[in-house]
Chemist: 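If you scroll down you'll find the structure; I have some questions about it.
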Amino acid sequence: MEKIKIKTEYIKLDSFLKFTGEVSQGSDAKIYILNGQVKVNGEIELRRGKKLRPNDIVDFNEKSFMVID
């Protein structure tokens, strides 16, 4: 599991996928999210604006990421 440090209170899911480098554009993130290909804390997340906070875990593209502060 890769740990991703954020400097703010939260980061939105679509921005997080761009921040990690897993997608190159926000529009790509939107498609993956709406197609149910992204999980947050073990559950499929369909909201691209979902606020991720420290200790949240994102699963995407056979990788896991933990948000840390």
Chemist: Output the distance between atom CE (Met66) and atom CG (Asn41), rounded to the nearest 0.5 Å.
Modeler: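 Taking CE in Met66 and CG in Asn41, the distance rounds to 9.0 Å.
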Chemist: For the backbone of Leu52 and the side chain of Asp56, can you confirm whether one donor and one acceptor N or O come within less than 3.5 Å of each other?
Modeler: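 It does not hold such a pair.
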Chemist: Check this for me, if you would: do Arg53 and Glu9 make a salt bridge, where the nitrogen-to-carboxylate-oxygen distance has to be below 4.0 angstrom?
Modeler: yes
Chemist: Got a second to check how far Thr20's OG1 is from Asn61's CG, nearest 0.5 Å?
Modeler: 9.5 Å
Chemist: Is Leu17 close to Asp28 at the side-chain level, that is, under 4.5 Å between some pair of heavy atoms?
Modeler: no
Chemist: Which pair of non-hydrogen atoms, one from Ile11 and one from Phe19, has the smallest distance, and what is that distance?
Modeler: CD1-CB, 4.2 Å
Chemist: List the residues meeting side-chain contact (heavy atoms from CB on, under 4.5 Å) with Asp59, not counting sequence neighbours, and say none if there are none.
Modeler: Lys39, Ile57, Ser64
Chemist: Just checking Phe60 against Tyr32, ring centres under 6.0 Å apart?
Modeler: yes
Chemist: When you measure from the side chain of Lys18 to the backbone of Val23, do you find a donor-acceptor pair of N or O atoms at a distance under 3.5 Å?
Modeler: no
Chemist: Given side chains that start at C-beta, do those of Val67 and Ile4 come closer than 4.5 Å, heavy atoms only?
Modeler: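 Val67 vs Ile4: side chains apart.
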Chemist: Walk me through it: do Lys63 and Glu22 pass the test side chain to side chain contact (heavy atoms under 4.5 Å, CB included)?
Modeler: CA-CA 10 Å; Lys63 295 181 183 175; Glu22 290 300 308; 3.1 Å; yes
Chemist: Where do Gly36 and Ile44 come nearest, in terms of heavy atoms and distance?
Modeler: CA-CG2, 3.7 Å
Chemist: Identify, with sequence neighbours excluded, every residue that meets side-chain contact (heavy atoms from CB on, under 4.5 Å) alongside Arg47.
Modeler: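 Checked Arg47 against side-chain contact (heavy atoms from CB on, under 4.5 Å); matches are Glu45, Lys50.
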Chemist: Check the hydrophobic clustering (I, L, V, M, F, W, Y; side-chain heavy atoms under 4.5 Å; chains of links allowed) and say if Ile6 and Leu13 are grouped together.
Modeler: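 Yes, same cluster.
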